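A quick write-up on the structure given underneath.
Predicted, not measured: the structure shown is a model, and the values here were computed from it. Within every chain, numbering begins at 1; the chains are lettered A, B, ... in the order of the sequence lines, protein sequences first and strands thereafter.
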Amino acid sequence: NEDADRLTDLLEPLETYRADFEQQILDGGGERLQEAQGRMWLSRPGLFRWEVDAPYQQEVVSDGDEVYLYDPDLEQVTVQSLDRRVTHTPALLLSGSTSDLTESYDVSHREQDGHDVFTLTPRDADTLFEELSMAFDDDRLTMLDMTDSTGQRTAIEFSSIEVNADIDDSQFEFDIPDGADVIREDE
Amino acid sequence: CASRPPSHEDGPQPGQWDAQESTLEALERWQLVGKVGLRLPNDSTSANLDWHQGAAYYRMMLTGPFGSGRSVLEGRSDEVTLTTGEGRFEAETPEALMQEQLGWSLPVSSLHYWVRGLPAPDRASQREMDDRGFPAELDQDGWTIEYRDWTLVEDLWLPRRMVMTQDDVRATLVVNEWEPQVDND
């Protein structure tokens with residue numbers, strides 16, 4: 001449909017994306033339950049790094065094949081295949097191909113105080129969120145917003161955005177720290 | 001020798017635990033941000049923990065990164081509810097509720113005390129102190145709690161890293177941010 005094409009036109013030229021993020025988790029009533037800040041790097045297809053700096057530390061790295069979730073406090077690394085992880089990691093959706101996106105989600109567009117907001121509703125029910133919206137400010141992605149079936153929301157706002165700058169491939173490699181507890185979730 | 005106020009650099013000092021234990025026992029309200037790591041015989045998981053503790057209400061939220069897989073445990077004097085992606089559930093005790101819905105549970109009612117370095121009241125327990133007089137290990141209800149690290153918040157030493165084991169279950173709690181509400185009325 002036309003809205004899906006419009007989203008594709010916005011996402012297609014996006015090869016790399018780098019930004020600081022502020023993530024908030026809100027309950028159904030809008031009360032803020034959790035806040036985290038950090039940085040995100042993305043290189044399509046499939047390469048992704050998400051580093052939480054505060055109030056705790058955490059890293060999520062996709063090398064295009066596997067996704068590593070590293071928790072330095074717990075000295076624990078969870079490894080999962082990329083495709084299993086995608087539906088749980090909305091930000092990771094961006095690193096996928098646009099056609100996958102518009103095939104597995106119904107897309108609708110609206111204007112909202114100067115932003116282009118696209119609302120994506122998953123076609124199959126088993127994703128963790130009921131609705132995902134992406135806000136663009138003159139063609140630049142500025143916000144991701146996910147609501148789950150109980151009405152709780154995860155809102156991610158991006159700033160200091162760089163689009164299509166070159167990002168070294170090593171940014172998407174993850175070497176498991178020695179001594180870390182490795183948990184493979186696929187077995 | 002507890003005359004000098006606690007300071008971060010020198011870490012917990014002898015006498016400081018005794019000086020603060022009654023304050024910790026009186027502590028009823030806090031906010032805490034941290035991580036829970038869980039090792040079960042056939043499964044392991046980790047989650048972010050946001051714990052809001054009031055005098056008669058608590059909310060403990062467990063989330064994966066990006067807030068996925070959220071479970072919110074709420075307790076009031078007579079009612080405990082757990083909200084997950086699948087819906088809202090109720091039970092008498094948090095332990096039963098977690099076991100039913102998550103397949104694992106932590107002794108939440110006792111954790112209310114253990115997280116302050118204290119044994120839960122009116123039940124047998126054993127506590128070993130380290131050479132500075134701070135709790136090193138606490139045994140209660142079949143659980144062994146090791147206090148590995150402490151953090152100083154407003155003149156109070158509070159646990160920063162705890163490892164709790166019972167048979168083949170091992171839970172690690174790391175606190176990244178402590179906000180005790182000490183009523184100094």
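- Under the 4.5 Å side-chain heavy-atom criterion for Ile, Leu, Val, Met, Phe, Trp and Tyr, B:V163 and B:I145 are members of distinct hydrophobic clusters.
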Audit row: B:V174, A:E75, side-chain contact (heavy atoms from CB on, under 4.5 Å) steps and yes/no | CA-CA 11 Å; B:V174 171; A:E75 290 143 5; over 6 Å; no
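- At a 4.5 Å heavy-atom cutoff, the contact between B:V36 and chain A is made by backbone atoms alone.
- Between A:Q152 atom CD and B:T83 atom OG1 the span is 6.5 Å, to the nearest 0.5 Å.
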Show your reasoning for whether side-chain contact (heavy atoms from CB on, under 4.5 Å) applies to A:L33 and B:H52.
-> CA-CA 9 Å; A:L33 301 176; B:H52 167 85; over 6 Å; no
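- Here the straight-line distance linking atom CG of B:D50 with atom OH of A:Y56 works out to 7.5 Å at 0.5 Å rounding.
- For A:Q34, the parts sitting under 4.5 Å from any heavy atom of chain B are the backbone and the side chain alike.
- Judged by distance alone, the side chain of B:K35 and the main-chain N or O of A:P72 form no donor-acceptor pair under 3.5 Å.
- Taking hydrophobic clusters as Ile, Leu, Val, Met, Phe, Trp and Tyr residues chained together by side-chain heavy-atom distances below 4.5 Å, B:V115 does not share a cluster with B:Y57.
- No hydrogens or angles considered: a donor-acceptor pair under 3.5 Å links the side chains of B:N48 and A:Q58.
- For A:E111, the CD atom is densely surrounded, since the number of other residues' heavy atoms within 6.0 Å is greater than 12.
- Proximity to chain A involves both the backbone and the side chain of B:S44, based on heavy atoms less than 4.5 angstrom apart.
- For chain A, the nearby part of B:T63 is the side chain; its heavy atoms alone come within less than 4.5 Å.
- A:D181 touches chain B through its side chain: at least one heavy atom from C-beta onward sits under 4.5 Å away, while N, CA, C and O do not.
- Side-chain atoms of B:R70 do not come within 3.5 Å of backbone N or O of A:D148 as any donor-acceptor pair.
- B:R39 places a side-chain heavy atom less than 4.5 Å from the side chain of A:I183.
- A single hydrophobic cluster is seen to contain both A:L14 and A:I156, as judged by linkage of ILVMFWY side chains at heavy-atom distances under 4.5 Å, directly or through other members.
- Here the shortest heavy-atom pairing between A:D73 and B:R160 reads OD1-NH2, 4.2 Å.
- Shown here for A:L74 and B:S46, the closest heavy-atom pair between the two residues is CD1-CB, 3.6 Å.
- Atom CD of B:E90 sits in a crowded spot, with more than 12 heavy atoms from other residues, nucleotides or ligands closer than 6.0 Å.
- Between the CG atom in A:D27 and the CZ atom in B:R59 there is a gap of 7.0 Å [rounded to 0.5 Å].
- Residues A:L26 and B:L62 do not share a hydrophobic cluster, clusters being chains of Ile/Leu/Val/Met/Phe/Trp/Tyr side chains in contact below 4.5 Å.
- Enclosure of atom CD in B:E92 is not indicated, since only 12 or fewer non-hydrogen atoms of other residues, nucleotides or ligands lie within 6.0 angstrom.
- Residue A:Q76 touches chain B through its side chain alone, counting heavy-atom pairs closer than 4.5 Å.
- Residues B:M61 and A:I25 form a side-chain contact, since some pair of their non-hydrogen atoms from C-beta on lies under 4.5 Å apart.
- Heavy-atom distances place no part of A:Q24 under 4.5 Å from chain B, backbone and side chain included.
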